[in-house]
**Q** 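Okay, here's the structure, questions in a sec.
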There are 2 protein chains.
Amino acid sequence: MTQQLEARRRTPLNRDRVLRAAVALADEVGLESLSMRRLAEELGVVPMALYKHVANKEELLDGMVANLIGEIDPPVPDGDWKRAVRLRVLSARRALQRHPWARQAIESRTNKTPAVLDYMESFTGMFLAGGFSADLTHHVMHALGGRMWGFTQELFDDPAGTTAESPADVPPEARAAMFQQMAARYPNIVAIATSTHHDEGSVVGHGCDDQFEFEFALDLLLDGFERLHEEGWSSRRAKLDRTESGDRQRAPLPE
Amino acid sequence: MTQQLEARRRTPLNRDRVLRAAVALADEVGLESLSMRRLAEELGVVPMALYKHVANKEELLDGMVANLIGEIDPPVPDGDWKRAVRLRVLSARRALQRHPWARQAIESRTNKTPAVLDYMESFTGMFLAGGFSADLTHHVMHALGGRMWGFTQELFDDPAGTTAESPADVPPEARAAMFQQMAARYPNIVAIATSTHHDEGSVVGHGCDDQFEFEFALDLLLDGFERLHEEGWSSRRAKLDRTESGDRQRAPLPE
DNA sequence: AACGCTAGGTGTACGGGGTACACTTGTCAA
DNA sequence: TTGACAAGTGTACCCCGTACACCTAGCGTT
């Protein structure tokens, strides 16, 4: 009995063990049943012990999401942007499917943690490397947003807001410094965030035209629907086409 | 003082008043601060009083969503499916924007309430009326899902599951009866749900190929991106095109 | 050897949440 | 008058996140 306790002590808790246990527990019982108390019990520890390793439940969830992002394959160093993006999105999807709680967790998260920003940064890079303009990349990221995450909307609203901080209480020179840091660490994100409006030095993503972004993606889909309709598309034929062509690169273009 | 109480009594609570108060409260304080207790207080009533009008908080949220759906404009009786869909989606978006809690509420909801089914039914009808095959409509609905709602994924998993009921405890003849009811009330939904696999009588949407749905939408977007990229698309020009052409029907087709 | 610092774990307690259950009360038909 | 029924009440239970004071083991310094 004392032995058991000591055995536990021998590998003391740490942030990573906590996060991994949280992921495993959520996998098992679902996100709605993941409580600090239950997680603590799972770890053979008193609830408050967790707070020595995560600030609060929010941060726990952020950490879980970060772990999940770690499961997504890095971009393949392919010359073909489309192929690279496709593979990456499908990899992300696989990660989400392994963890049924993930979708909900991501959607509920509003803070842009470094893990999320890193992912976005590298994702953005795939388009830019493919020769896309920053402008087009910007809109494309918005359109794709919901497909990989729930981060469609307020993505670029406040790039400085990686932690909870109201804009008002940050002195201007500090804001400038943060912008420098952002630009250094996330050049792609900053590039596309500042693409559509040229007032570089000022607030970064303030003028992101939500309505336009939405209609951009909507019309892209509607136009695609129309084309398929006119072509007499059917899922059966699409599946046949897919299997007979090389891999799984569907080719809905007529010629 | 007794008068105030009596004034309250004179218009006794009812389901609709509860739901409307809930919507108003959520608009004000956010979904995370909407509690049964607070809502009761707002209505000048003890928390348990609410349970005479809604079964529980889940049902309250379902009701709120139903109210919200009621704010979406009905489909315009237009010959042009694209125009009709576009207007409807934009109307839905406006409704969501009026109620910041809506997105989160919809995403968290998993039950398919009549209100949601009615909306889907009429939405589906727009494509079918436009001459789309049930097959294509099926995929198109999936692809569009995330744009209007969060109901992309498990939409057709269990059409009988409008209320919480495990499939096992429903006798087969009852299932058949439910199917008849579904088909009568939601002909369009049933049509597209049964489109891709022909085993009509059996479980309806069991064989919905999630992976295929996902790739369908993904490739539609990627192909669209590619086309815009090749055309040298820019948001500035797109906005100019939009304003000079009739209304807001973007025309990305080269000719 | 004695000390004191610190990181990690504990125990207690508070306020808030959803809701089961037994109750009162006001209204109206018979 | 009665008595049934719908609406509202009061109390209580269990779960949640987490603030705060405390303990304890291990360690480097003196």
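Only this structure's heavy atoms are used, side chains among them; waters, hydrogens and symmetry mates stay out. Worth saying up front: this structure is predicted, and the values here are computed from it rather than measured.
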**Q** Could you tell me how far apart B:Glu41 (CD) and C:dG16 (P) are, to the nearest whole angstrom?
**A** 10 Å

**Q** Write down the distance between CG (B:Leu13) and C1' (C:dG26), rounded to a whole number of angstrom.
**A** 16 Å

**Q** Verify whether one side chain among A:Ser91 and A:Asp73 offers a donor that lies under 3.5 Å from an acceptor in the other.
**A** yes

**Q** Holding to salt bridge (Lys or Arg N to Asp or Glu O under 4.0 Å), I want the full list of residues that pass it with B:Glu59, two or more places apart in sequence or in another chain.
**A** B:Arg15

**Q** Can you tell me if the side-chain N/O atoms of B:His53 get under 4.0 Å from OP1 or OP2 in D:dG8?
**A** yes

**Q** Listing request: all salt bridge (Lys or Arg N to Asp or Glu O under 4.0 Å) pairs with a residue in residues 43-58 of chain B, at least two apart in sequence or in separate chains.
**A** B:Glu58-B:Arg109

**Q** With sequence neighbours excluded, tell me which residues meet ring-ring contact (aromatic ring centres under 6.0 Å, His included) with B:His99.
**A** B:Trp101

**Q** Which nucleotides of nucleotides 13-22 of chain D have their base under 4.0 Å from a protein heavy atom (B), which only their sugar-phosphate (S), and which neither (-), written as one string 5' to 3'?
**A** ---BBBBB--

**Q** For A:Leu50 and C:dT10, what is the distance between atoms CG and P respectively, to the nearest whole Å?
**A** 10 Å

**Q** Taking only residues two or more places apart in sequence, or in another chain, which ones meet A:Asp27 in a salt bridge (Lys or Arg N to Asp or Glu O under 4.0 Å)?
**A** none

**Q** Which residues pass the salt bridge (Lys or Arg N to Asp or Glu O under 4.0 Å) test with B:Glu71, sequence neighbours left out?
**A** B:Arg98

